[in-house]
Amino acid sequence: LDMLFYWYALQNLLLIPYFHFEYLQTARLQFAGIFLCNFIRQGLPCLYVFVFFLFNWPISLIEISIVQSVAIVLGILAGYPYVRNYIEVQWKFYKRLSIDLFHFGKYTFGTNISSMVLRSTDSWMLGRLASTSAVAI
């Protein structure tokens, strides 16, 4: 299980440029590139599992996670030609923008916490007033 967490942590880091490329393609209305990238990222693991299922070969969760990581990298490589003309790196630090993003992060964090609390309030009340089996039902 530990190795799965490491692989999925890597996948989350790899998905940052992948989704950045996808958003750039969406902004430029390049839907062929979006289709190709998503087809590679989701089709390769699906094909891998299908082949292993077809030949009745054993497969592990680690292998699937590795294949997903490779598929993300291939999706990034397939998306790069579509966005290479639109990528612009600026090394300037914008203090006001950073402060605004920090405050927006506090707002979304508070909104998510209050949403989770309000969503489970009925279960807490039902468990306190009735029983825990009533919550399960």
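In what follows, residues are counted from 1 in the order of the sequence shown. Computed from a predicted model, the values in this text were never measured in an experiment.
Both F55 and V49 sit in one connected hydrophobic cluster of ILVMFWY residues. Membership requires side-chain heavy atoms under 4.5 Å apart, directly or through other members. By the rule that hydrophobic residues join a cluster once side-chain heavy atoms approach within less than 4.5 Å of another member, F39 and V51 end up as members of separate clusters. In this structure, I34 is a member of the same hydrophobic cluster as L29, with clusters built from ILVMFWY side-chain heavy atoms closer than 4.5 Å. In the hydrophobic cluster analysis, where Ile, Leu, Val, Met, Phe, Trp and Tyr join through side-chain heavy atoms closer than 4.5 angstrom, L13 is grouped apart from V70.
In plain terms, the two heavy atoms of V67 and P45 that are nearest each other are CG1-CA, 3.8 Å. Across all their heavy atoms, Y86 and Y82 have their closest contact at CE1-O, 3.5 Å. Closest heavy-atom contact between Q25 and C37: NE2-SG, 3.9 Å.
Looking only at distances, a side-chain donor or acceptor of N12 sits under 3.5 Å from a matching main-chain atom of Y8. Q11 places a side-chain N or O within donor-acceptor distance of the main-chain N or O of S65, the cut-off being under 3.5 Å. For T26 (side chain) and E22 (main-chain N/O), a donor-acceptor pair under 3.5 Å exists by modelled atom type. Remark: side-chain polar atoms of S115 are not paired, donor with acceptor, to backbone N or O of T111 under 3.5 angstrom.
Y80 places a side-chain heavy atom less than 4.5 Å from the side chain of I87. In this structure, the side chains of R41 and L74 stay at 4.5 Å or more apart for every pair of heavy atoms.
Within a 6.0 Å radius of CZ in F102, other residues, nucleotides and ligands contribute 12 heavy atoms or fewer. Heavy-atom contacts from other residues, nucleotides or ligands closer than 6.0 Å to NZ of K106 number more than 12. Annotation: F19, atom CZ; neighbour count of heavy atoms from other residues, nucleotides and ligands within 6.0 Å is above 12.
A donor-acceptor contact under 3.5 angstrom links the side chains of N38 and Y18, judged on distance only.
Two rings, from F35 and F31, have their centers 6.0 Å or more apart.
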